[in-house]
Amino acid sequence: MAQSSHDLTGTRIIVTGAARGLGEHIARRAVARGARVGLIGLEPDALEKLAHPLGPATVWREADVRDGVALRRAMDECASELGGVDVVVANAGVLAYGTIAQIDETAFERVIDINLTGTFRTAKYATPHLIASRGHLLVVASALSFLAIGSMASYNASKAGAEMLALAYRTEVAHHGVTVGIAHPSWVDTDITRGIDSDIPSFAELKRRLPYPGNATTTVDAAATSIVDGLAGRKSRIYVPRATILAAVGKSFLHSPVVWPLARRLAIATIPRIEADIDRLGRVDQRLPTAPSPTSTQCPTSTGTSCPRP
């Protein structure tokens, strides 16, 4: 891997959830710094559109992190095209709306399956490649790994679980020379965050009432830059914004009997309104914008799901 704290020349990186949002921008930033990148995601048109202008530095495969067979194949094929893997970014993630009383089982399970079990599958099938290169896994968790927010229980649970999964994995692969990092972004200006604000106005109000950095939204480019900086240095923790470390350090205090009276008052004032907004919305799933069709020609393949760029 690159030795400079910022240079990624020659580093081979695979990013899941690369079709849009934070994953897309991580890929762009990494290529700009000299990396070769494998893109894994669910939207082939968006993946092809991203890969095409990045040129021979990228390959892509369509795969769902809920499908272990497809994910393993995609990981292995990207590794083959790149000539190995130095870094894997487990970025794929979703959220669903609703309190525990409100959300349906299927939606809750989907969030856990993608955000937590999908991270497990990513780490599992990346392991042989990372052992071979003495590489690095970055798990994109969240500031909500530390801070519980009503109506976000499925997301909170999945991201707290992803953090613990990464910490356990770190101990399991240390003797192979593999390192593990965890990113904890707060709100990032992506389709997911904008979708929450649009779908549930009362939740946007709740965010505004949280203390900093819980009320701050980082641009996706700034968040991706911080994460790619962390990848270059194999940092064990990446906080976006940096003040998110306060939530990590103060986790026990934030959920202590000292703070609970304040949190309780905020919850009583906001949760019924959030539930009412979700009831009016009529769904608990988040519907992201449809990815635009690529402007370039889809490359011919036997399956139509991959486009390697030698």
Side-chain angles (χ1 to χ4, degrees), residues 17 19-25 42-43 91-116 118 140-163 183-220 222-223 240-241 243-244 247 254-255 259-260 262-291:
R20 63 168 73 225
L22 188 56
E24 173 193 343
H25 283 75
L42 279 176
E43 300 173 80
N91 168 73
V94 297
L95 61 77
Y97 304 142
T99 59
I100 288 175
Q102 195 174 36
I103 190 172
D104 61 71
E105 291 182 25
T106 299
F108 189 97
E109 290 166 355
R110 177 174 178 265
V111 172
I112 298 297
D113 197 17
I114 293 172
N115 296 4
L116 177 54
V140 179
S142 172
L144 296 188
S145 300
F146 316 126
L147 178 64
I149 295 182
S151 78
M152 295 283 284
S154 58
Y155 192 81
N156 275 129
S158 68
K159 291 301 186 177
E163 180 190 18
H184 293 285
S186 185
W187 309 107
V188 178
D189 186 22
T190 62
D191 289 338
I192 288 178
T193 299
R194 290 191 294 270
I196 299 172
D197 293 345
S198 175
D199 286 341
I200 313 171
S202 54
F203 191 88
E205 180 183 339
L206 169 62
K207 286 196 301 177
R208 288 192 292 271
R209 295 176 65 175
L210 294 174
Y212 183 82
N215 59 5
T217 299
T218 305
T219 67
V220 66
V240 183
T244 302
L254 290 172
H255 300 290
V259 175
W260 172 237
L262 295 173
R264 183 176 183 273
R265 283 199 291 273
L266 180 60
I268 289 172
T270 57
I271 295 301
R273 295 177 59 197
I274 290 172
E275 287 185 315
D277 276 352
I278 295 169
D279 283 342
R280 281 192 290 270
L281 184 66
R283 55 180 167 84
V284 297
D285 61 303
Q286 187 178 64
R287 298 174 185 171
L288 298 179
T290 302

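The chain is numbered in sequence order, starting from 1.
For the pair Asp197/Lys207, a side-chain contact is recorded, criterion being any heavy-atom separation below 4.5 Å from C-beta on. Side-chain contact check for Ile103 versus Ser154: some heavy-atom pair is nearer than 4.5 Å.
We find the CG-OH distance between Leu281 and Tyr97 to be 7.0 Å, quoted to the nearest 0.5 Å. Of the inter-residue distances, the one linking Leu144 atom CG with Leu95 atom CG reads 9.5 Å to the nearest 0.5 angstrom. The CG atom of Leu206 sits 10.5 Å away from atom CG of Asn215, with the distance rounded to the nearest 0.5 Å. To the nearest 0.5 Å, the span separating CD1 on Ile274 from CD1 on Ile149 amounts to 8.5 Å. Atom CD1 in Ile278 sits 9.5 Å away from atom CG in Asp199 (nearest 0.5 Å). Arg208 contributes atom CZ, which lies 10.5 Å from atom OG1 of Thr217 (distance to the nearest 0.5 angstrom).
Under a 3.5 Å cut-off, the side chain of Asn156 and the backbone N or O of Leu147 do form a donor-acceptor pair. Judged purely by atom type and a 3.5 angstrom limit, His25 has no side-chain atom pairing as donor or acceptor with the backbone of Ala222. Under the 3.5 Å distance criterion, the side-chain polar atoms of Glu275 are left unmatched by any main-chain donor or acceptor of Thr99.
Contact between Arg209 and Ala269 at its shortest, heavy atoms only, is NH1-CB, 4.2 Å. Closest non-hydrogen pair, Leu116 versus Ala162, comes out as CD1-N, 3.6 Å. A pairwise comparison of heavy atoms in Asn115 and Ser158 identifies ND2-OG, 3.1 Å as the closest pair. Lys159 approaches Val140 most closely through the heavy-atom pair NZ-O, 2.9 Å. Among all heavy-atom pairs drawn from Ser145 and Glu163, the shortest one is CB-OE1, 3.9 Å. Contact detail for Pro241 and Pro213: the closest heavy-atom pair is CG-CB, 3.9 Å.
Relative orientation of the Trp187 and Phe203 rings is perpendicular, given thresholds of 30° and 60° on the angle between their planes.
Arg194 meets the side chain to side chain donor-acceptor pair (under 3.5 Å) test with Asp189, Asp191; sequence neighbours excluded.
Ion pairing between Asp277 and Arg280 holds under the 4.0 Å rule for side-chain N and carboxylate O.
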Derivation of the side chain to side chain contact (heavy atoms under 4.5 Å, CB included) call for Gln286 and Ile192:
CA-CA 8 Å; Gln286 187 178 64; Ile192 288 178; 3.5 Å; yes
